[in-house]
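Only one structure is covered here, and it is reproduced in the block below.
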Amino acid sequence: QVQLAESGGGLVQAGGSLRLSCAASGRTFSSYGVGWFRQAPGKEREFVATINWNGASTYYSDSVKGRFTISRNNANTAVYLQMNNLKPEDTAVYYCASGRFSISQEDYYNWGQGTQVTVSS
């Protein structure tokens, strides 16, 4: 089973950038899709971005398209979420998850603990 650990969250001003990392241990991501999701206070967890097993396909929510980029390293031990032009509404706990290449949370089997991203106005 893959264990996931997110890092890279923090406090940033609107318009700034952060790069989140999702590191795999136990096994690699090599046969899995990996997704990023986020949950803002008082809201449901929502899909952000996903990447397929070899990095050839990606998909983004409309709210982050053009600002966020998901990628994975060649060793398939990490997946990244580069977040540019951050907005206060991006404030949330960000989770990575491995499973199928999908926008649905139900298709992901393993989840990290999350990392807090706070964007100040």
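Only this structure's heavy atoms are used, side chains among them; waters, hydrogens and symmetry mates stay out.
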Query raised in the report: Under the side-chain hydrogen bond (donor to acceptor under 3.5 Å, both in side chains) test, which residues partner Lys65, sequence neighbours left out?
Result: Asp62
Query raised in the report: When clusters are formed by joining ILVMFWY residues with side-chain heavy atoms under 4.5 Å apart, either directly or through shared neighbours, do Trp53 and Leu4 land in the same one?
Result: no
Report task. Could you list the residues that satisfy side-chain contact (heavy atoms from CB on, under 4.5 Å) with Ser7, not counting sequence neighbours? Result -> Ser21
Query raised in the report: Less than 4.5 Å apart, any side-chain heavy atom of Glu6 and any of Leu20?
Result: no
Requested in this report: Starting at CG of Leu18, measure out to CG of Leu11 and round the result to the nearest 0.5 Å.
Outcome: 9.0 Å
Query - Approximate separation, where rounding is to 0.5 Å, of Ile103 CD1 and Thr50 OG1 - result: 9.5 Å
What donor-acceptor contacts under 3.5 angstrom involve side-chain atoms of residues 114-121, with partners at least two apart or in another chain?
| unit_1 | atom_1 | unit_2 | atom_2 | d |
| --- | --- | --- | --- | --- |
| Thr115 | OG1 | Gly9 | N | 3.2 |
| Gln116 | NE2 | Ala92 | O | 3.4 |
| Gln116 | NE2 | Thr118 | OG1 | 3.3 |

Query - Contacts of Arg100 that satisfy side-chain hydrogen bond (donor to acceptor under 3.5 Å, both in side chains) - sequence neighbours left out - result: none
Query raised in the report: Which residues pass the side-chain contact (heavy atoms from CB on, under 4.5 Å) test with Ser31, sequence neighbours left out?
Result: none
Report summary line: So CD1 of Ile70 and OG of Ser57: to nearest 0.5 Å the spacing works out to 11.5 Å
**Report entry** ILVMFWY network linking Val93 to Val12, side-chain heavy atoms under 4.5 angstrom
**Finding:** no
Query raised in the report: Taking only residues two or more places apart in sequence, or in another chain, which ones meet Arg27 in a salt bridge (charged side-chain N to carboxylate O under 4.0 Å, His left out)?
Result: none
Query raised in the report: Taking only residues two or more places apart in sequence, or in another chain, which ones meet Glu46 in a salt bridge (charged side-chain N to carboxylate O under 4.0 Å, His left out)?
Result: Arg38
Query - Residues which pass ring-ring contact (aromatic ring centres under 6.0 Å, His included) with Phe68, listed by chain and number, not counting sequence neighbours - result: none
**Report entry** Residue pairs involving residues 97-121 (criterion ring-ring contact (aromatic ring centres under 6.0 Å, His included); sequence neighbours excluded)
**Finding:** Phe37-Tyr108, Phe37-Trp111
Report task. Can you sort out the partners of Tyr95 under side-chain hydrogen bond (donor to acceptor under 3.5 Å, both in side chains), two or more places apart, ordered by chain and number? Result -> none
Report summary line: Only one of Asn52, Ile51, Leu81, Val2 passes side chain to side chain contact (heavy atoms under 4.5 Å, CB included) with Val34, and that residue is Ile51
Query raised in the report: What residues form a side-chain hydrogen bond (donor to acceptor under 3.5 Å, both in side chains) with Tyr59, not counting sequence neighbours?
Result: none
**Report entry** Residue pairs involving residues 76-87 (criterion side chain to side chain donor-acceptor pair (under 3.5 Å); sequence neighbours excluded)
**Finding:** Ser17-Asn84, Arg72-Asn76, Asn73-Thr77, Gln82-Asn84
**Report entry** Distance-only donor-acceptor check, side chains Ser61 and Ser63, under 3.5 Å
**Finding:** yes
Query raised in the report: How many angstroms lie between OH in Tyr60 and CZ in Phe47, if you round to the nearest 0.5 Å?
Result: 9.0 Å
